[in-house]
Structures are given as C-alpha cells and as structure tokens.
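Data first, discussion second: the structure below is written as structure tokens.
Chain naming here is simple, since letters A, B, ... match the order of the sequence lines and numbering starts at 1 in each.
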Number of protein chains: 2
Amino acid sequence: MNAASSNPGTRERLVAAMREALSRRGYHGIGLNELLATAAAPKGVLYHHFPGGKSELAIAAIAAVAEELAGSLDTLMLRAGGDPAGALEAWMGAAQKLLERSGFERGCPLATVALETTPEDRALRSALASVFAAFRAHLASALAGAGIADSRARSLAALIVSAYEGALLQARVAGEVQPMRDTSQALLDLIRLSLPGVKGA
Amino acid sequence: MNAASSNPGTRERLVAAMREALSRRGYHGIGLNELLATAAAPKGVLYHHFPGGKSELAIAAIAAVAEELAGSLDTLMLRAGGDPAGALEAWMGAAQKLLERSGFERGCPLATVALETTPEDRALRSALASVFAAFRAHLASALAGAGIADSRARSLAALIVSAYEGALLQARVAGEVQPMRDTSQALLDLIRLSLPGVKGA
DNA sequence: GACTCTATAGACCAGTCGGTCTAGTGTCAA
DNA sequence: TTGACACTAGACCGACTGGTCTATAGAGTC
C-alpha cells in the first residue's frame, strides 16, 4: 500500500477534517468544498479514497472516534484506580475543558450527525448505533468490574452516556459550562450515594 | 390584524411545518422548498410573515415548542399528584411512545438545531439557550416544590434534561427504545433511592 | 370607485451543493 | 522503455439552496 503516494497523509487528513467538522457543525453543516479546503486536498482525492463520497468519509471519521473512545475510557478507569465514579468525574471535567477551550464550538463528534440522520441513512445510522452500543457495553463492563450487577450496570451505562450527551448539548447552546457541571454533579451525587460499597466513593 | 387574510392559518402552518422538520431532520436537513411544499405555501408568504427568512421561522417554531413544554410539564406534575419521579416516568414513557410511533423519525425539536448551531448563529442559539434554561428552571421549581433543596433541585433538573436528550438521541440512532428505557430506569432508581422522603416514591 | 394595506403567488437569481470526469504525476515491475 | 497502477489535481455538471422581486388578489376606508 501507499506505493506511489507523494503525499502520504492525505487519507488521514481527510478523516481528521471530517471529524473536526462533525464535532463543530455536523454533517449537513459542512460543505465538501470547505472540508476539502481545510484538508488541503482536491476533490478527486476524496473520491479516490472514499468512492462513497461524503457519507463514506463520515463513516470513517465515526470509526476513528470510536477507536479513540474505547481507549480513553480504559485510560481514565486506570487512572482512577478502578473507581467508576472517579473516572466519570474526570471524563466530564475533560469534556468541559474542551468545550471551554474551543469557545463552545466543539462538541461530541457523534451526537450531531446522530440527530441529523433519518432512518433512510442506513449506513450512517448503523455505524453510529454500533459505536454507541459498543461504548455502552464497554462502560457497562467497567461498571460490572467495579462490583455492580450486570443488568444494573447496563442501565447505568445508558444513563451515563445520555447524561454526557445531554449535558454537552445544553452547555454548548448556553455558551457556559454550568449545565454540564450541574449535570455531572447530580449524577455523581446519585451514583456515589447509591453505591456506597464501591471503592473510592 | 389579519385584515385581509383569505387563508387565516398560513403563518401557523409554516411554524408547524418547521417544527415538524426540526424534530425529524434538523435545521440544515430541511430545504425551504420542501418546507414550503409541506406547508402548502408559496415562497412570498414566508418572507412576508418572517422577513428574517428561514432562521426567523425556526426561532418562531422554537418559541412554540417552549410554550408547549412548560404546559405539559405542569400537566404531568398534576397528574402524578406532585410526585416528580412519577411525572418523570410518565414523561420518558411518552417520549418513547412518540419515538416508536414515528418509526424513530421524530425526536426532540430543539436538540438537533441546538447541535447544528455555531456561536455565530446568535439569535438561534440564544433562543435555544433561553428555552433550555427556562425549562430547567421550571423543572427545578417543581422539584423544589416536592421538598428538594434549591441547589440540589437545580443540578437535578439539569441532569434530568440531559438524560432525556441523551436517551432520545441514543434510542433514535439505535432504532430501538432500549437505551431510553435503560436510561430512565437508572435515573428513576437513583432518584427514588436518594429521595426516600418524597411522596409517591 | 379609488386608494391603501395585508397577504398570496411564483418566476427568477446568484451561489453552493455533492458528485463526475479527464488529465496528469510519480513509482513500481517487467 | 514501457505499461500498470495509485494517487493527485481541478474543471466541470446538473440540482438545489436561501433569498429577492414583481404581480396580483381581496378586504377596509373614505
């Protein structure tokens, strides 16, 4: 592979540009020309690497996000010494900082596209659905590993993801982190209160 | 007003069409021509009623949603006999039904636009921000009315809205209500567990 | 009946959209 | 040296975008 590439990072640049665009403006919010300009790539190159065009590139970007997600969850759990509440706190805090640092422009790269899709966008939706499902499952297993019963862990994982996405949304339109801070505080309070046996709580 | 209107509901039809479009496809997802077609209105009429064009119409639709929101929250609280957990359960259940009935096409009419906006879309963002803030405040006062301390009520309100939006998002892409069911179950469990004194719990 | 004002109606516009197509360019293997 | 192949490059396309403009219809006032 990469036999005659005079510009080896093109594909990656495209994916990165799409990822960035998704987290700032969503799928319909970014035009191909603008995207190509930020990636410093001409049109032909997009359709060479992604014959399916814009939507295929978006799916690739989503896959890239998914990979990163799982990794950072593990890192956070490790750093928090296996305490899910501590990891969650760190997670929410990091998201707040990212939001603030970007002037409330960058949010979750998955959420916007997720809401923009219709059931007709089969490929895009199923890609998103499986990323969310995988992340919930990953999170649930981390919770189960901390001693929470399986079915409980599953519903709690869903709540955590929901709270995260909803908090990001509210903080973003508000242009201030307060809704996110409130959300994470309430969530952490409830979790720590209900799981007194969990280490680190 | 309405002096020479041969078609009295035009403005309302436009707002309704935009509202529907926002909950299905978001702001960028719907074209003016398509919107006008579903509202059975020609272009001139849109710019007559909404000189600011598409975005002004969207703001009107958002305002309409806001009005309805406050009303239905009060209704639910009343029906639940003042028990916030019961009202929340009914609320989440209703959202699930709406989602299923629409084939997972209709979501929250605010969430998608909220994520699509950038800080440059000042009018749209501030309209959305104030709707969310008002709804959180309304919810918080309902919680405070049920005996929860003010600061606690505020953060809990933020969590509830976050969980609602995030759950809707996940269920929608998944094409199944499970993530929403899980989210609301976990949330209700935690709330009921932590607030044993609240009547109806 | 003439004038005014609100509302309806849709032709029309420049700009942009996502996507296609053809023409190079550089590096292999033979 | 030649041909194959991966990749880059951007002109070009029809469709559609949000928005403007002019024409008309109909009720109210005098």
Under 4.0 Å, heavy atom to any atom of DNA chain D: which of residues 42-49 of chain A qualify? A:Pro42, A:Lys43, A:Gly44, A:Val45, A:His48, A:His49

Does A:Gln170 have any side chain to side chain donor-acceptor pair (under 3.5 Å) partners at least two apart in sequence or in another chain, and if so, which? B:Arg136, B:Ser162

Just the rounded figure in Å: distance from P of D:dA9 to CZ of A:Arg11. 17 Å

For A:Glu56 and C:dG19, give me the distance from atom CD to atom P, rounded to whole Å. 11 Å

Determine yes or no for a side-chain-to-main-chain donor-acceptor pair under 3.5 angstrom, with A:Asp74 supplying the side chain and A:Gly71 the backbone. no

Any side-chain N or O of B:Thr10 less than 4.0 Å from the OP1 or OP2 oxygen of C:dT8? yes

Write down the distance between CG (A:Leu35) and P (D:dG10), rounded to a whole number of angstrom. 16 Å

Does anything in residues 21-34 of chain B reach DNA chain D, meaning a heavy atom under 4.0 Å, and if so which residues? B:Ile30, B:Gly31, B:Leu32, B:Asn33

If you measure from the Lys or Arg side-chain nitrogens to the Asp or Glu carboxylate oxygens, is any gap between A:Arg181 and A:Glu176 under 4.0 Å? no

Is B:Arg125 salt-bridged to B:Glu116, cutoff N-O under 4.0 Å? no

Summary of side chain to side chain donor-acceptor pair (under 3.5 Å) pairs that have at least one residue in residues 23-36 of chain B, sequence neighbours excluded: B:Glu20-B:Arg24, B:Arg24-B:Glu105, B:Arg25-B:Glu34, B:Asn33-B:Lys43

Show me the side-chain donor-acceptor pairs of residues 143-160 of chain A shorter than 3.5 Å, one per line, residues at least two apart or across chains.
unit_1	atom_1	unit_2	atom_2	d
A:Arg154	NE	B:Asp182	OD2	3.1
A:Arg154	NH2	B:Asp182	OD1	3.1
A:Ser155	OG	A:Arg152	O	3.2

If you round to the nearest 0.5 Å, how far is CE of A:Met180 from CZ of A:Arg172? 11.5 Å

Separation of D:dC7 atom P from A:Phe50 atom CZ, nearest Å, is 11 Å

Counterpart residues, side chain to side chain donor-acceptor pair (under 3.5 Å), relative to A:Glu56 (two or more places apart): none

